[in-house]
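Remember, it's 1-based here, ligands and their atoms both numbered in the order they're listed. This structure is a prediction, so every number in the text was calculated from the model and none was measured.
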Amino acid sequence: MKPFEAARHLLPDTPWSAAPAGEARAPANIALCKYWGKRDPALNLPVTSSLSVSLGQLGAHTRIEPAERDVVSLDGMPLESGDPFAARVSAYLDLFRWSPELAWRVETSSSVPVGAGLASSASGFAALVLALDRLYGWQLPTRRLSILARLGSGSASRSVCPGFVEWHAGSREDGMDSFAERLDADWPSFRIGLLVLSRTPKPIGSREGMNRTTATSGLYAAWPDMVARHLEEIREAIRDRDLPRLGEAAEANALAMHATMIAARPPVLYWTKDSLATMQQVWARRADGLPVFLTMDAGPNVKLLYEEASAGAVREAFPELQEVGPFRERAG
Ligand code: PMV
């Protein structure tokens, strides 16, 4: 199945009547158990399930209205049609372009710190799907919205939900069973600390990094079984609000993902000297008794996992940290 057919399958058949505009917000998310590797690159179908936490108020806000041609603006700045971001949005909108005259003006803004490696595409595509749903009054169930967001970017499937979210890998070829849903759990004292170490664009995008790893890394064969174990541990740790168990599993999962990339040919290495120094600092603090753990995505920045009771000590050790309490703030 092609992405356009998948989208068509999920959308109502009746002619769409548009409201003047649709607006929506979607949170960024950080994976505690990562999505790394596609079984179908066109439909963004993953090899394994993954589990994330949505970042409350931090994310994207998008407004969409019908227009004569696609126009995309980011943080108030209209983009040239050749701009890579505008081109990616327009290519995604093709999934909804049932007749050639359909086109849209899309205004999107992001509260995610720029270059924070926070998969801004995840909240961006999720907010865009939610805004389209409002524009046309489809009132699609979350499951369908998640599948549609997945067609834009895999991790976007998780950004349609607040809280802890599991994206089920599914097994169908058409991907209709590969969607995310919220776990029935919260954790008010849970904190995520964002450490932005570099704002320079990463040399290799996650799509290319993922594809190279699955195609060439001798360690990738071990990844699916590891994920199955980590998922189990992370689900239990969330249920029991057990930070050390969660932190150990999430950190091991992130490092295992990076190990698979480092073993790719040519290697994919997102870490910088600052990433390494920060990782070592986290481990030194933990050896001193501070319950703080780390996770990293396809970039050099580090995210810390801890609880409110340790927040003062964590902030003291990492003064540049931006703190998020995913269950403290209301998700948009
Ligand atoms: O959704 P993508 O294609 O940007 O890939 C995201 C990959 C990671 O951020 C590294 C892991 C994840 O699960 O979010």
Undergrad: Under a 4.0 angstrom heavy-atom cut-off, which atoms of ligand 1 come close to G154?
TA: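 Those of ligand 1 that fall under 4.0 Å from G154 are 1 (O).
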Undergrad: Is the closest heavy-atom distance from R207 to ligand 1 below 4.0 Å?
TA: no
Undergrad: With a 4.0 Å cut-off on N to O distance, would you call D70 and R97 a salt bridge?
TA: yes
Undergrad: In terms of atom number and element, which parts of ligand 1 are under 4.0 angstrom from non-hydrogen atoms of A31?
TA: 12 (C), 13 (O), 14 (O)
Undergrad: Hey, are R241 and E307 close enough for a salt bridge, meaning a charged N less than 4.0 Å from a carboxylate O?
TA: no
Undergrad: Charged N to carboxylate O under 4.0 angstrom, R245 versus D240?
TA: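 Looking at D240 together with R245, the answer is no, because their closest N to O distance does not fall below 4.0 Å.
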Undergrad: Quick one: do E101 and R69 make a salt bridge, cutoff under 4.0 Å?
TA: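 No, no charged N to carboxylate O under 4.0 Å.
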Undergrad: Would E233 and R235 pass as an ion pair if we require N to O under 4.0 Å?
TA: no
Undergrad: Of all the atoms in ligand 1, which lie at a distance below 4.0 Å from a heavy atom belonging to K34?
TA: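 Ligand 1 atoms under the 4.0 Å threshold to K34: 13 (O).
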Undergrad: Check this for me - ligand 1, S206, N or O atoms closer than 3.5 angstrom, yes or no?
TA: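 S206 vs ligand 1: N/O contact under 3.5 Å present.
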Undergrad: Is there a polar contact, in the sense of an N or O pair closer than 3.5 Å, between S153 and ligand 1?
TA: yes
Undergrad: Apply side-chain contact (heavy atoms from CB on, under 4.5 Å) to the pair R207 and S153, showing each step before the final yes or no.
TA: CA-CA 9 Å; R207 178 174 291 257; S153 150; over 6 Å; no
Undergrad: Could you establish whether A298 and ligand 1 come within less than 4.0 Å of each other, counting only heavy atoms on the residue side?
TA: yes
